[in-house]
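A short worksheet on the structure shown next.
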Amino acid sequence: MKVPVGITTLHLSQKSALLLLLATGLLGFGGYDYVQQSQAVDNAVAVQATITDSSVDRMDGGRGIDYEPEIQYTYKYQGETYTSEQVFPSTGVRTYSDRSKAESVVESYEPGTTARAYVSPADPDDAFLIRERTPFPLRAIAVGGFLSVIGVLAGLGAKNPGQQELRPASEGQPAPRETWVDSHGEILHRLSKQGLGVCFVGFWLSMVALVFGLLNTPGEFGGPPQEIQAELLGPIGLPMLAGFSFWVGMILSLCLYGGWSFAEYQQLRRRLPDPKPPSPFRHPSRLITILGTEDNDLSEYGQRVRRTGWALMIAAGMTAVLVHLLYIAS
């Protein structure tokens with residue numbers, strides 16, 4: 001698919017087109033929700049509300065356990081009585097991974113008490129309690145922007161990068177002085193794959209142990225809701241510590257593999273016939289195109305670029321997830 005953009009043309013594959021479509025949806029929804037929240041916060045009128053019910057709802061999802069503050073209240077506006085359950089001025093639901101944070105929202109709204117609510121004159125039946133924007137729109141815009149950059153780079157890249165055939169090793173350029181990575185390549189390769197396998201299995205075993213620890217902890221799945229106090233070496237703290245260690249181990253193993261693989265890529269690049277194509281690691285559009293190409297459609301050189309790029313990108317993504325979780329926990 002060819003899409004003219006200004007003075008250039010994007011050559012989009014089916015995958016790239018779907019990626020851009022998803023990115024556009026995220027950007028549109030995030031932007032719409034951000035504008036809606038901004039208008040609600042700026043134009044809202046304060047009214048007196050009576051709290052009728054409040055609780056913390058546990059939500060079990062594919063990515064873990066979240067907690068949603070649920071508050072029901074009634075209020076009057078221009079002589080009409082309304083009922084609402086909206087806490088924040090957002091079309092989406094705001095949840096918390098930490099139960100105590102959800103409880104801190106609910107504790108200020110005990111049933112039978114009065115509180116201040118905010119009403120938009122243009123939509124009086126959709127009030128909210130807390131006059132602040134949720135982070136969801138900006139996150140959706142950030143993810144949509146990232147995906148759109150990936151899609152555009154893929155469309156700008158060369159049509160068939162990573163398919164250059166190699167000259168025989170005997171005809172390659174003289175190899176530079178052997179580095180430590182070159183001389184210990186086989187050991188690094190073996191250690192990285194073994195370490196990744198061990199840490200991957202260990203991580204999921206620790207998650208299973210964590211689930212059993214949660215199931216056997218009173219107060220979380222039965223009785224009144226309460227926050228779990230996890231001891232470091234207890235049935236919850238120990239699996240979490242092990243899972244954290246194995247996750248870090250996977251990141252280090254991927255980085256080790258990426259370093260070995262990049263050294264292999266440099267050796268293969270010396271065997272490319274002249275004129276050599278631009279390095280994919282200096283031209284993101286070429287790298288993105290190679291990452292989205294199947295191994296069978298690439299030469300040995302292109303396959304090495306693809307594996308190196310994916311290893312480093314996955315390590316970077318796992319590091320970002322770890323930093324985000326540590327930020328939430330703090």
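Given the structure is predicted, the values throughout are model-derived calculations rather than measurements.
- The existence of a salt bridge linking Glu80 and Lys76 is excluded, since no basic side-chain nitrogen approaches an acidic carboxylate oxygen closer than 4.0 Å.
- Aromatic ring centroids of Tyr67 and Tyr96 lie 6.0 Å or more apart.
- Separation of atoms OG (Ser245) and CE (Met240) is listed at 11.5 Å; rounding is to 0.5 Å.
- The pair Arg269-Glu264 does not count as a salt bridge, with every side-chain nitrogen at least 4.0 angstrom from each carboxylate oxygen.
- A distance below 6.0 Å separates the ring centres of Tyr118 and Phe128.
- Because its NZ or CZ atom is both nearer than 6.0 Å to the ring centre of Tyr34 and within 45° of the ring axis, Arg133 counts as a cation-pi partner of that residue.
- Pro89 has its side chain out of reach of Arg131: every pair of non-hydrogen atoms, C-beta onward, lies at least 4.5 Å apart.
- The aromatic ring centroids of Phe246 and Phe200 lie 6.0 Å or more from each other.
- Residues Thr114 and Tyr109 bring no donor and acceptor atom of their side chains to less than 3.5 Å of each other.
- Using cut-offs of 30° and 60° for the angle between ring planes, the Tyr75 and Tyr82 rings count as parallel.
- Pairs passing the salt bridge (charged side-chain N to carboxylate O under 4.0 Å, His left out) check and including a residue from residues 289-312, sequence neighbours excluded, read Lys15-Glu294, Asp295-Arg306, Asp295-Arg307.
- In this pair, Phe29 and Phe136 present their aromatic rings perpendicular. The plane angle is above 60°, beyond the 30 to 60° band.
- Ring centers of Phe244 and Trp247: at least 6.0 Å apart, outside the cut-off.
- Inter-residue side-chain proximity for Ser84 and Tyr73 is flagged as met; some heavy-atom pair is nearer than 4.5 Å.
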